[in-house]
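Order of appearance sets the numbers: ligands from 1, and atoms from 1 within every ligand.
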Amino acid sequence: MDGKKDWKQLWLKYDRKADAGNGKFFEKVALEGFDAADRVVKSALCELTRGAEGMLGVTPKVQEGTPCTLLLKKATGDPEGYALKEENGQITLEGADEKGLLYGTFHLLRLVSMEKSLAGLQVSLRPDNPLRMYNHWDNMDGSIERGYSGESFFFENDDIVINERTKDYARLMASIGINGVVINNVNVKQAATWLITDRFFDKVARLSEIFADYGIKFFLSLNYAATIELGGLGSADPFDAGVIAWWKAKMQECFAKIPNLGGFLVKADSEGRPGPFTYGRTQADGANMLADAVAPYGGIIIWRCFVYNCMQDWRDYKTDRARAGYDNFIGMDGDYRENVILQIKNGPMDFQIREPVSPLLGGLKKTNQMLEVQVAQEYTGHQIDVCYLIPMFKEVLDFHTFCKEGADTVADVISGRTMGNKNAGIAAVINTGNDANWTGNYLAAANLYGFGRLAFQTSLSAEEILDEWIPMSLSSDPQVVETVKGILLPSRETYEKYTSPLGIGWMVTPHDHYGCSVDGYEYDRWGTYHRADHLGIGVDRSDRGTGYAQQYYEPNASAYNNVETCPEELLLFFHHVPYKYLLKSGKTLIQHIYDSHFEGYDEAEGFARAWEGLEGKVDGEIFANVKERFGMQLYNAREWRDQVNSYFHRLSWIPDERGRRIY
Ligand code: GCU
């Protein structure tokens, strides 16, 4: 390995691969039914050439009509779908539309990159989720809210940046099936409020055109109070005629100026952001007012459900932040316009390493829903610690809400299968920045890649995704593949083990959210408490406590309500439990805390050692990057282990059965 490889292209680096008999298929390419001048078709052809040249040393000749070795054919089928078939030395790629063609092209190139033979290939796919989005939390000054890999590549100095990376980004997104991107932070302030004005329209439009080439719809986060801040109106009341008229005109302007605009994402009445509550209106009133304004242009409003009281008194045991999403939205189920989608975080709190699934998902039965997960590692190690999140996302998608017989998983709800709706899907807060390797820790790119793949094809396993990502991004050497899988697959549980136990969360350094601070949030206003005392720990969310467990359908509600039937990994989320309580493993709760923290650290050490063994087998720069991160992870894991164990030892006075060193 020469250490000079272009790691900036991530899984699309297209370096030379073993031919596996594939080169011949890329020699003569013909189009049937597709217009070679179409922007998305052009991108597909361009990618095909780039991939075949780089990986196989073959330059495809695009010609009229047959005979050919690769036929790109327009066929009928579900939107964005494609089929691939090899027969008698010819591959036929049928796309239901231009996007299907593009996705099918990337599918072929992926197989080449994995050094799989294309002989006998036969697949037929359509995306499971209509909307597959990444949300950037990028600010216009270049900073990123919860960014761990440099600054924004969309913005700097209150202006928009368009450069080589913009196109690379669009290619990367399309290659994993992403079809919508929100470029700016949900907390829309200062210059970002002006993104919907002449000050930025030209550049916004240029940016959105680049996305359009790759079949990606362009979205912006909106400032709900724009009528006040831009319009000079005294109000943002969704029932005010002046407010309604202002938004109507503004949306007409936006859709005229930004041709590839899909709609808007809105964070309202949340963490100090303005919203309809200020005017005594409901969330539905606010969302519908905007939805009506974008409807003439086919636009959608994605309205976030992260609405809770962030000025809580820690002395108050009845108010429960976990309840807030459901309490604020369930009453308006069915009241939303058809072009409104409610975007719901996977858990009821905020992207902790372990949370139950939000009861709002599937709790709503007549409202378009979208799942929001966080690929950015805000609470999961800042892209310093390795934490492969796909297993967690799969758990959420597989969760049975019991909302409807036969179609009740979260995957059913957000794909539109439960309600037969098309405005549905999945979004993730992205983990990219302008670092050379995009994601800080190079291994965090497995999350960037994996989210898109999972959004497209929910049935893929966490391991199958790695079987793609590792050969495409690192090496197909079996030792590399096995070692990296051995690190990534268990890494979420490892992170969980050395941080906060059994679903309690929040023992993290306030605001920054990296590193241990057991009581950091305990006496704060954020509604995030562990309630540990000398006898036990946990939040009683049963019907004797905050009643949160009752927000689920049966049998989930009863299962969570009862300490005996509550899934143990969520025990402390739902119950206040004595340290001497016996877990199913036969261990006491306190012993579980000690053991898991020692184990978590040891596992992290094992990952670092395993990575050391890959020196010379992976790119030198990548090796050094990940090795450096492991050094930092071990420091972090050791602090967590010793602080958490010491804290509970000092509080409970119960010694570790195995007599290990606690401080
Ligand atoms: C978290 C995060 C904030 C973010 C918020 C949101 O609370 O820490 O930075 O703005 O989520 O999702 O809106």
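- Between the side chains of Gln551 and Tyr560, not a single donor N or O lies within less than 3.5 Å of an accepting N or O.
- Inspection of the Asp350 and Tyr379 side chains reveals an N or O donor paired with an N or O acceptor under 3.5 Å.
- Ionic pairing of Lys365 and Asp333 is not present here: no N-O contact between side-chain nitrogen and carboxylate oxygen is shorter than 4.0 angstrom.
- Considering backbone and side-chain atoms alike, Glu271 places an N or O below 3.5 Å from some N or O of ligand 1.
- Short contacts between ligand 1 and Lys345, defined as distances under 4.0 Å to a heavy atom of the residue, involve ligand atoms 1 (C), 5 (C), 6 (C), 11 (O), 12 (O).
- Ring geometry for Trp137 versus Phe351: interplanar angle of 30 to 60°, hence tilted.
- Near Phe306, meaning under 4.0 Å from any of its heavy atoms, are these atoms of ligand 1: 5 (C), 6 (C), 7 (O), 11 (O), 12 (O), 13 (O).
- A cation-pi geometry, defined here as NZ or CZ lying under 6.0 Å from the six-membered ring centre and within 45° of its normal, does not hold between Arg629 and Tyr442.
- Not a single heavy atom of Phe351 lies less than 4.0 angstrom from ligand 1.
- Backbone and side-chain nitrogen or oxygen atoms of Glu145 are examined, and one is located within less than 3.5 angstrom of a nitrogen or oxygen of ligand 1.
- Distances below 4.0 Å separate heavy atoms of Val186 from the following atoms of ligand 1: 13 (O).
- Looking at atom 1 (C) of ligand 1, its nearest protein heavy atom turns out to be Asp350 OD2, 2.9 Å.
- In this structure Thr546 satisfies the side chain to side chain donor-acceptor pair (under 3.5 Å) test together with Asp320, sequence neighbours excluded.
- Of the options Lys267, Gln374, Glu378, the smallest heavy-atom separation from atom 8 (O) of ligand 1 is shown by Glu378.
- For a threshold of 3.5 Å applied to N or O pairs, the pair formed by Trp137 and ligand 1 contains no separation below that value.
- Between Glu395 and Arg492 there is a salt bridge, with a side-chain nitrogen of the basic residue lying less than 4.0 Å from a carboxylate oxygen of the acidic one.
- Counting heavy atoms under 4.0 Å from ligand 1, residue Val429 does not touch it at all.
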